[in-house]
Every structure is written in structure tokens, then in C-alpha cells.
2 protein chains.
Amino acid sequence: MQRMTRQRTALADLLDGTPDFRSAQQLHQMLKDAGQNVGLATVYRTVQAMAEAGDVDVLRIEDGEALYRRCARGHHHHLVCRECGKTVELAGEAVERWASRIAHEHDFVDVDHTAELVGTCRECATRIYGGGTGA
Amino acid sequence: MQRMTRQRTALADLLDGTPDFRSAQQLHQMLKDAGQNVGLATVYRTVQAMAEAGDVDVLRIEDGEALYRRCARGHHHHLVCRECGKTVELAGEAVERWASRIAHEHDFVDVDHTAELVGTCRECATRIYGGGTGA
DNA sequence: CATGTCATGACAATCATTCTCAACAATGAT
DNA sequence: ATCATTGTTGAGAATGATTGTCATGACATG
């Protein structure tokens, strides 16, 4: 049963102070930079345990790498800025309703769903495409 | 520009006859089994090109592995049976409307979305959990 | 403090995917 | 049909994330 070790505390604290999704490799490096040496294998084990326990959310980017982020408990989706990583948690029921309607229509049971939105937030869009004062 | 080679023909034909999502490794093995030796690197290159061209859809499973399937052109989502791989293409507008509403509400632009459903189809549910004649 | 486990970490192993680059082959011109 | 051009292939190496191994270390309790 989950002992409270220095490593787990360090990782939990780090995640508490990190608003964006990070990979296990990044978290490992961030801990090292903070002077908290934690083995890479331990970081992997810990974030996976936290994910299973529902304490962090997992996101897979295009190349298959897994990213982790401390999140509100319970089922929800995300809107992530592709430029700065800013993340908004989405709790609405619209997707849930869609999923269960589709499941029913096609006679499937135990239907899980994934739904994630990736876009560019106002700040990054302004920075990249230019401010409203353009021309 | 895109030469028609034995390898590409073989892979296209294979995908045409394969209703479920398959990994590049699986497709490579299936080609070998069919007596059509095609290099693994070529399979990867070809499915990726097809994916970019919109000729196949890509799905990432839990461990990050990429699966490919010949699909209808245009944007759509999938409902996949986790047991047998049976796949239904979903073309409705519900998710699109949800995505654009959320994007607008949070002031994001260029919002892409992914949405996939994984469940158990009627046949597999019956096989696994028992027919209606149980007890 | 002793002690029993669970946890850790250094490193090897795995595995999908990508890269390299010389040999090949599809296509168009002659 | 033959040739030249140039995209394509394939065998294997390289990459990189993730997982496995297992001896050593450290919580938490008696």
C-alpha cells in the first residue's frame, strides 16, 4: 500500500505546480533540475500509478508519446493550446450524450470514448498572426 | 511524383480487403504471408503517405501504437469493437458542433479535434457475457 | 531500534518507428 | 526497345520512449 516516499512527494508537488501536460521524460528532467533526483523508472511507475488512480490525466500526442497533467477528478476532456500548452478542462455533457447515443444506435455496449481538442489560444494567435492593429 | 510500384499496389490491395484497423507491423506480416515481400520501412512510408493523402485513417491505441485502415474520404470518427476490431464510421455533425462551440467559448482558433469510441459490439458481448438464454 | 516489505534506481531489454544509402525500377524520351 | 532520370526500396543501424530486472534502500510499525 502506497508508501509516502521522498520521490512520490516530489513528483506530486511538481505536478501540483505544473499547469500543462508534460512527458515522463520532462518531469524526470524537471525534478533533476530542481535538485530532486528521481530515477526515470520511478517517474514512469509513479505517473502510471497516479493515472490509474485518476490523480492525473494522460494525453497522447501525435507521435505516441504520453503526457501527464494533474487534473480535476472525474471524467472530462481537454482543450489544449498547441503553441503554449495552456489547457482548459471541459466538463460538459455534450460528448457523453453523443457517445451513448451512438453506442445505442449501433448496438455496442461498454463504450468508452476519447475526445480532445487542440487549437491555438487567443494570446498565441495574436503573437503569431499579428495583433488587431495589423496593416 | 508517386510512382506505381509493386509494393504500393500490394499494400493498397491489402488495405482494400481489410475491414479492421491494423498496425504497420501487422500489415507487413500479412504481406509476407501472402507471398508479397515488402520491406517494413516501405510499409511505414506508404501508410504514412496514404494517411497524409487522406486515403487511410490512423488510430492510436493505448500503448501508442498506430493502426491504419482504409476509410471513406473526408472527416469522420470511429466506433471500434475492442474485441473483434469491427469498425463503424461515424459521420454525424454532433462532435463538430461541440468542438466549434467550445473553441468559440474559450477564444481558441484553428481547433482540431479527435474523438473515438471503443466498445463491445453485440456479437462479442453475446459471446463473452453469454447469450440471452443464460441461467 | 529491528524488521518486513514495498519502493527505488541503474542499466539492460524491448519495441515501434525512423534513418541511411547503395541498389533498383517506373516513367518518359529517343 | 533502350536509356537516362529520379523517385523507391530494403536491410540493417539508429533512435527514443517505455518496461523489466534485481540488488539495495527506506517507510512504517512492533
Side-chain angles (χ1 to χ4, degrees), chain A residues 1-15 18 20-53 55-69 80 85 114 116, chain B residues 1-15 18 20-53 55-69 80 82 85 114 116 118:
Chain A
M1 322 69 182
Q2 285 301 91
R3 289 178 181 171
M4 187 53 61
T5 65
R6 171 183 68 77
Q7 291 84 346
R8 285 175 191 173
T9 302
L11 189 50
D13 288 349
L14 174 60
L15 284 166
T18 304
D20 304 332
F21 280 91
R22 301 284 187 221
S23 69
Q25 304 270 354
Q26 287 177 320
L27 293 169
H28 173 245
Q29 185 61 51
M30 292 167 79
L31 286 171
K32 185 181 292 182
D33 291 345
Q36 288 280 342
N37 265 21
V38 176
L40 182 56
T42 299
V43 173
Y44 273 102
R45 279 187 295 244
T46 305
V47 291
Q48 278 165 12
M50 294 174 95
E52 276 178 35
D55 293 327
V56 299
D57 276 358
V58 188
L59 204 60
R60 288 214 174 250
I61 55 180
E62 211 175 332
D63 73 340
E65 192 178 357
L67 304 183
Y68 303 88
R69 175 178 186 270
V80 183
T114 63
E116 302 294 338
Chain B
M1 318 71 180
Q2 284 299 89
R3 289 178 182 171
M4 185 54 61
T5 64
R6 172 183 68 78
Q7 291 86 343
R8 284 176 190 171
T9 302
L11 189 49
D13 288 348
L14 174 60
L15 284 166
T18 305
D20 304 331
F21 281 91
R22 300 283 186 221
S23 69
Q25 306 270 354
Q26 286 177 320
L27 293 168
H28 172 244
Q29 185 60 50
M30 291 166 80
L31 286 170
K32 184 180 292 182
D33 292 345
Q36 288 281 341
N37 265 15
V38 177
L40 182 56
T42 298
V43 174
Y44 273 102
R45 279 186 296 243
T46 305
V47 292
Q48 278 165 13
M50 294 175 95
E52 276 179 34
D55 292 327
V56 300
D57 278 357
V58 188
L59 203 61
R60 284 207 179 258
I61 55 180
E62 210 175 335
D63 74 338
E65 193 176 357
L67 304 183
Y68 302 87
R69 175 178 186 269
V80 183
R82 62 168 64 83
T114 62
E116 303 294 338
V118 179

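Residue numbers begin at 1 in each chain, while the letters A, B, ... track the order of the sequences.
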## Note on the structure
Between CD of A/Q36 and C1' of C/dT8 the distance, given in whole Å, is 14 Å

### Query
Rounded to whole angstroms, how far apart are CG on B/L40 and P on C/dT20?
17 Å

### Message
If you compare all heavy atoms of A/R22 against all heavy atoms of A/Q26, which two are closest, and at what distance to 0.1 Å?
### Response
CA-OE1, 3.2 Å

## Note on the structure
By nearest-heavy-atom nucleotide on DNA chain C, the more 5' of B/Y44 and B/R6 is B/Y44

### Message
Between B/T42 and B/R45, is there a side-chain donor-acceptor contact under 3.5 Å, judged purely by atom types and distance?
### Response
yes

### Query
Between C/dT17 atom C1' and A/R60 atom CZ, what is the distance in whole Å?
14 Å

### Query
How long is the gap from CD on B/E65 to CD on B/Q25, to the nearest 0.5 Å?
7.0 Å

### Task
Could you state the atom-to-atom distance from CD of A/Q26 to P of D/dT18 in whole Å?
11 Å

#### Entry: N or O in side chain of A/Q7 less than 4.0 angstrom from D/dC27 OP1/OP2
no

### Task
Check whether any side-chain N or O of B/Q2 sits under 4.0 Å from OP1 or OP2 of C/dA26, and answer yes or no.
no

### Query
Which is true for A/Q48 with a 4.0 Å heavy-atom rule: it touches a base, it touches only sugar-phosphate, or it touches nothing?
sugar-phosphate

### Query
Is a donor-acceptor pair below 3.5 Å formed from side chain A/R45 to base C/dG9, judging by atom type as modelled?
yes

### Task
Take B/T5 and B/Q25, find for each the nucleotide of DNA chain C with the closest heavy atom, and name the residue whose nucleotide sits nearer the 5' end.
B/Q25

### Query
Are B/Q7 and B/T46 close enough that some pair of their side-chain heavy atoms sits under 4.5 Å apart?
no

### Task
Answer with base, sugar-phosphate or nothing: what part of the nucleic acid does A/N37 contact at a heavy-atom distance below 4.0 Å?
sugar-phosphate

## Note on the structure
Taken to the nearest whole Å, CE/B/M4 to C1'/D/dG7 is 13 Å

#### Entry: Phosphate OP1/OP2 of D/dT9 contacted by B/R8 side-chain N/O (<4.0 Å)
yes

### Task
Can you tell me the distance, in whole Å, between the CG atom of B/L27 and the P atom of C/dA16?
13 Å

### Query
Given atom CD of B/E62 and atom C1' of D/dA17, what is their separation to the nearest angstrom?
16 Å

### First encountered from the 5' end of DNA chain D, between B/D63 and B/V38
B/V38

### Message
Rounded to whole Å, please give me the gap between CD in A/E65 and C1' in C/dT18.
### Response
15 Å

### Task
Look at the side chain of A/H28 and the backbone N and O of A/V38, then say whether any donor-acceptor pair between them is shorter than 3.5 Å.
yes

### Message
When you measure only distances, ignoring hydrogens and angles, does the side chain of B/R3 come within 3.5 Å of the base of D/dT6 through a donor and an acceptor?
### Response
yes

